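The figures here come from the full heavy-atom set of this structure, side chains too, leaving out hydrogens, waters and symmetry mates. Note that the structure is a prediction, hence the values are computed from the model and not measured. The first residue of the sequence shown is numbered 1, and numbering continues consecutively from there.
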Amino acid sequence: QVRLEESGGGLVQGGGSLRLSCAASGRTFSNYIMGWFRQAPGKEREFVAAISWSGGNTYYADSVKGRFTISRDGARNTVYLQMSGLKPEDAAVYYCAARKPPSFSSMYNPGSYDDWGQGTQVTVSS
């Protein structure tokens with residue numbers, strides 16, 4: 001059974017940084033796509049970033065390009081989201097998600113992911 005556990009959220013001032021972690025367990029994640037999504041109150045869950053576990057290819061939403069960096073540590077089975085230059089509009093619950101191969105749905109679509117963590121809150125003060 002896949003388990004994803006996020007940590008690292010909190011309150012940060014605008015312009016500040018946070019690093020989110022997603023500890024993954026329960027199987028081997030080779031060929032998986034690991035994604036970060038976020039959901040603010042009253043809004044739909046939206047794609048933030050994704051990484052291919054094997055090749056390390058990365059993908060970002062336009063709104064976070066140049067400010068956020070996704071990475072993974074195979075030895076620790078952990079995916080990270082380094083966030084810098086945080087803005088009030090980045091405030092949301094951030095979720096880690098895993099997508100099994102093969103998948104023919106867009107990686108930007110939360111519906112194409114099979115497993116989710118419980119989420120971690122990020123609050124940005126202006």
Side-chain angles (χ1 to χ4, degrees):
Q1 181 179 347
V2 173
R3 178 179 168 88
L4 304 174
E5 187 168 358
E6 303 97 334
S7 61
L11 172 64
V12 63
Q13 260 193 327
S17 299
L18 277 177
R19 188 177 80 159
L20 305 183
S21 299
C22 172
S25 61
R27 64 156 299 124
T28 301
F29 292 92
S30 300
N31 298 319
Y32 268 60
I33 296 288
M34 304 297 293
W36 284 98
F37 288 77
R38 66 188 181 188
Q39 189 166 19
K43 295 190 175 181
E44 292 187 353
R45 192 167 296 191
E46 65 172 357
F47 173 82
V48 175
I51 187 167
S52 61
W53 192 274
S54 300
N57 297 320
T58 57
Y59 311 86
Y60 296 95
D62 288 343
S63 59
V64 307
K65 271 180 193 172
R67 300 189 297 123
F68 291 11
T69 302
I70 188 171
S71 61
R72 86 266 187 255
D73 183 334
R76 296 176 185 269
N77 251 22
T78 299
V79 178
Y80 302 100
L81 185 68
Q82 178 68 47
M83 307 186 294
S84 59
L86 282 161
K87 306 174 182 180
E89 53 263 43
D90 293 318
V93 177
Y94 281 71
Y95 297 91
C96 176
R99 190 177 88 151
K100 297 178 197 175
S103 177
F104 304 100
S105 302
S106 168
M107 74 171 71
Y108 305 102
N109 179 359
S112 71
Y113 288 76
D114 303 283
D115 299 286
W116 293 83
Q118 81 289 350
T120 186
Q121 177 74 50
V122 172
T123 304
V124 183
S125 63
S126 54

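- F29 has its ring centre less than 6.0 Å from the ring centre of W53.
- When the side chains of ILVMFWY residues are joined at heavy-atom separations under 4.5 Å, either directly or via intervening members, V2 and I51 end up in a single hydrophobic cluster.
- Linking Ile, Leu, Val, Met, Phe, Trp and Tyr residues whenever their side-chain heavy atoms come within less than 4.5 Å places F68 and V12 in a single cluster.
- Atom CG of L11 sits about 10.0 Å away from atom CD of Q121, to the nearest 0.5 Å.
- Applying the disulfide (SG to SG under 2.5 Å) definition to pairs two or more places apart or across chains, those involving residues 79-126 are C22-C96.
- At distances below 3.5 Å, at least one donor-acceptor pair connects side-chain atoms of S112 with backbone N or O atoms of S106.
- The backbone N or O of T78 lies less than 3.5 Å from no partner atom in the side chain of D73, so there is not a single donor-acceptor pair.
- Put simply, M107 and I70 are part of two different groups of oily side chains (I, L, V, M, F, W, Y) that touch within less than 4.5 Å, one to the next.
- In this view, N109 satisfies the side-chain hydrogen bond (donor to acceptor under 3.5 Å, both in side chains) rule with no residue, not counting sequence neighbours.
- The nearest pair of heavy atoms linking R27 to Y32 is CD-OH, 2.9 Å.
- Side-chain contact between Q82 and S17: present, with at least one pair of heavy atoms (C-beta onward) separated by less than 4.5 Å.
- Across all non-hydrogen atoms, the minimal contact from D90 to V122 is O-CG1, 4.5 Å.
- Residues L4 and A24 come closest through the heavy atom pair CD2-CB, 3.7 Å.
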Output, in order, the C-alpha distance, side-chain angles, deciding distance and verdict of side chain to side chain contact (heavy atoms under 4.5 Å, CB included) for L86 and L18.
CA-CA 8 Å; L86 282 161; L18 277 177; 4.2 Å; yes

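- In the hydrophobic cluster analysis, where Ile, Leu, Val, Met, Phe, Trp and Tyr join through side-chain heavy atoms closer than 4.5 angstrom, Y59 is grouped together with W116.
- E6 places a side-chain N or O within donor-acceptor distance of the main-chain N or O of G119, the cut-off being under 3.5 Å.
- Between F47 and W36, a ring centre-to-centre spacing not shorter than 6.0 Å is recorded.
- The backbone N or O of G9 sits less than 3.5 Å from a side-chain atom of T120, completing a donor-acceptor pair.
- The shortest non-hydrogen separation linking Y95 to G117 is CD2-O, 3.6 Å.
- Taking the centre and axis of the six-membered ring of Y80, the NZ or CZ atom of R72 falls outside the cone set by 45° and 6.0 Å.
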Derivation of the side chain to side chain contact (heavy atoms under 4.5 Å, CB included) call for M83 and L20
CA-CA 8 Å; M83 307 186 294; L20 305 183; 3.8 Å; yes

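- Using modelled atom types, no side-chain atom of Y108 and backbone atom of V48 make a donor-acceptor pair closer than 3.5 Å.
- Side-chain atoms of R45 never come within 3.5 Å of backbone atoms of Q39 as a donor-acceptor pair (strictly under, hydrogens ignored).
- Atom OG of residue S63 and atom CZ of residue R38 lie 4.5 Å apart, to the nearest 0.5 angstrom.
- V79 and I33 end up in different hydrophobic clusters when Ile, Leu, Val, Met, Phe, Trp and Tyr side chains are linked at under 4.5 Å.
- Formation of a donor-acceptor pair under 3.5 Å by the S21 side chain with backbone atoms of S7 is not found in this model.
- Atom CD of E44 is surrounded by 12 or fewer heavy atoms from other residues, nucleotides or ligands within 6.0 Å.
- Of all heavy-atom pairs spanning R99 and S103, the tightest one is NH1-OG, 3.4 Å.
- The shortest heavy-atom contact between M34 and A98 is SD-CB, 3.7 Å.
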